[in-house]
Amino acid sequence: MNKQPSALICRLTFAGVIPFVLAPMMKAGWIALPGIAPDIWLWSYAVVIGAFMAGEQWGSALHQPDAASLAGSNIFALAVFALALCSRSPMGVLALAALFAAQLLLDHRQRRLGLISTGYWRLRCTITPLVCLTLVIYAWIAS
């Protein structure tokens, strides 16, 4: 399966990185959004995206049930939620980056099993490092 994601999917995926890019800029004081603290911005969006990605992995695994994908997607959703509740610190942000990277590893497994297309896998290989980089920058600024 080598189907390329549509232009709309690619645009929306890249647009989804924008809040992650804005977070370190907010933390550094370069931009401000009235009434929104950078930590609340980052963690709220990270929970949404982490759960969204876990749901995508769950949905992909339903086509050809894969126990590792099904369990992993649930673990990722709960881990993002737990980090947001218990560890909103620079180390927690680094753990969040590691969690997003681990989700990419599950996507790799799903690619090998034919649960996601090569095109989608390539898109994820572009987006996830960008998200992880913004999280590392945020953690550095916050320390």
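For the single chain, residues carry numbers from 1 onward in sequence order.
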Colleague: When rounded to the nearest 0.5 angstrom, what distance separates CG in Leu12 from CG in Leu8?
Modeller: 4.5 Å
Colleague: In residues 16-25, what donor-acceptor pairs under 3.5 Å come from side-chain atoms, sequence neighbours left out?
Modeller:
none

Colleague: According to the ring pair (Phe, Tyr, Trp, His ring centres under 6.0 Å) rule, which pairs have a member within residues 113-134, sequence neighbours left out?
Modeller: His108-Trp121
Colleague: Listed by chain and number, what are the side-chain contact (heavy atoms from CB on, under 4.5 Å) partners of Ser89, not counting sequence neighbours?
Modeller: Ser87, Met91
Colleague: Does Pro65 offer a backbone N or O that forms a donor-acceptor pair with the side chain of Ser69 under 3.5 Å?
Modeller: no
Colleague: Go through the structure and list residues passing ring pair (Phe, Tyr, Trp, His ring centres under 6.0 Å) with Phe81, not counting sequence neighbours.
Modeller: none
Colleague: Walk me through whether Met26 and Ile36 qualify under side-chain contact (heavy atoms from CB on, under 4.5 Å).
Modeller: CA-CA 9 Å; Met26 291 170 68; Ile36 302 174; 4.2 Å; yes
Colleague: Consider only side-chain heavy atoms of I, L, V, M, F, W and Y, link residues closer than 4.5 Å, and tell whether Val131 and Val136 are in one cluster.
Modeller: no
Colleague: If you link I, L, V, M, F, W and Y whenever their side-chain heavy atoms are under 4.5 Å apart, who else ends up in the same group as Ile137?
Modeller: Leu133, Trp140, Ile141
Colleague: Checking one residue: Ile40. Which other hydrophobic residues are in its cluster under the side-chain 4.5 Å linking rule?
Modeller: none
Colleague: Sorted by first residue and then second, give each side-chain hydrogen bond (donor to acceptor under 3.5 Å, both in side chains) pair with at least one member in residues 22-43; sequence neighbours left out.
Modeller: Lys27-Asp39, Asp39-Tyr138
Colleague: So, for Ala68 and Leu106, which heavy atoms are closest and what is the spacing to 0.1 Å?
Modeller: O-CD1, 4.1 Å
Colleague: Quick one: side chains of residues 52-59, donor-acceptor pairs under 3.5 Å with protein atoms, not counting sequence neighbours, listed by atom name and distance.
Modeller:
from	atom 1	to	atom 2	distance (Å)
Glu56	OE2	Ser60	OG	3.0
Gln57	NE2	Gln103	O	2.8
Gln57	NE2	Asp107	OD1	3.1

Colleague: Taking only residues two or more places apart in sequence, or in another chain, which ones meet Thr134 in a side-chain hydrogen bond (donor to acceptor under 3.5 Å, both in side chains)?
Modeller: none
Colleague: Mind checking what makes salt bridge (charged side-chain N to carboxylate O under 4.0 Å, His left out) contact with Arg109, not counting sequence neighbours?
Modeller: Asp66
Colleague: How long is the gap from CD1 on Ile9 to CD on Gln4, to the nearest 0.5 Å?
Modeller: 11.0 Å
Colleague: Between Val80 and Ile49, does a side-chain contact (heavy atoms from CB on, under 4.5 Å) hold up when you go through it step by step?
Modeller: CA-CA 9 Å; Val80 169; Ile49 294 303; over 6 Å; no
Colleague: Search all heavy atoms of Leu115 against all heavy atoms of Ala61 and return the closest pair with its distance.
Modeller: CD1-CA, 4.1 Å
Colleague: Once you round to the nearest 0.5 Å, how far does CD1 of Ile127 lie from OG1 of Thr13?
Modeller: 6.0 Å
Colleague: Would a hydrophobic clustering, with Ile, Leu, Val, Met, Phe, Trp and Tyr connected at side-chain separations under 4.5 Å, put Val47 with Leu78?
Modeller: no
Colleague: Find out if a path of hydrophobic residues (ILVMFWY) with successive side-chain heavy-atom gaps under 4.5 Å connects Val93 to Leu85.
Modeller: no
Colleague: Taking atom CG of Leu99 and atom CD1 of Ile75, what is their separation to the nearest 0.5 Å?
Modeller: 10.5 Å
Colleague: Can you sort out the partners of Pro129 under side-chain contact (heavy atoms from CB on, under 4.5 Å), two or more places apart, ordered by chain and number?
Modeller: none
Colleague: How about Leu135 and Leu94: do any of their side-chain heavy atoms sit closer than 4.5 Å?
Modeller: no
Colleague: Measure from the side-chain N and O atoms of Ser73 to the backbone N and O of Leu70, and report whether any donor-acceptor pair falls under 3.5 Å.
Modeller: yes
Colleague: When rounded to the nearest 0.5 angstrom, what is the spacing between SG in Cys132 and CG in Leu96?
Modeller: 8.0 Å
Colleague: Which residues pass the side-chain contact (heavy atoms from CB on, under 4.5 Å) test with Leu105, not counting sequence neighbours?
Modeller: none
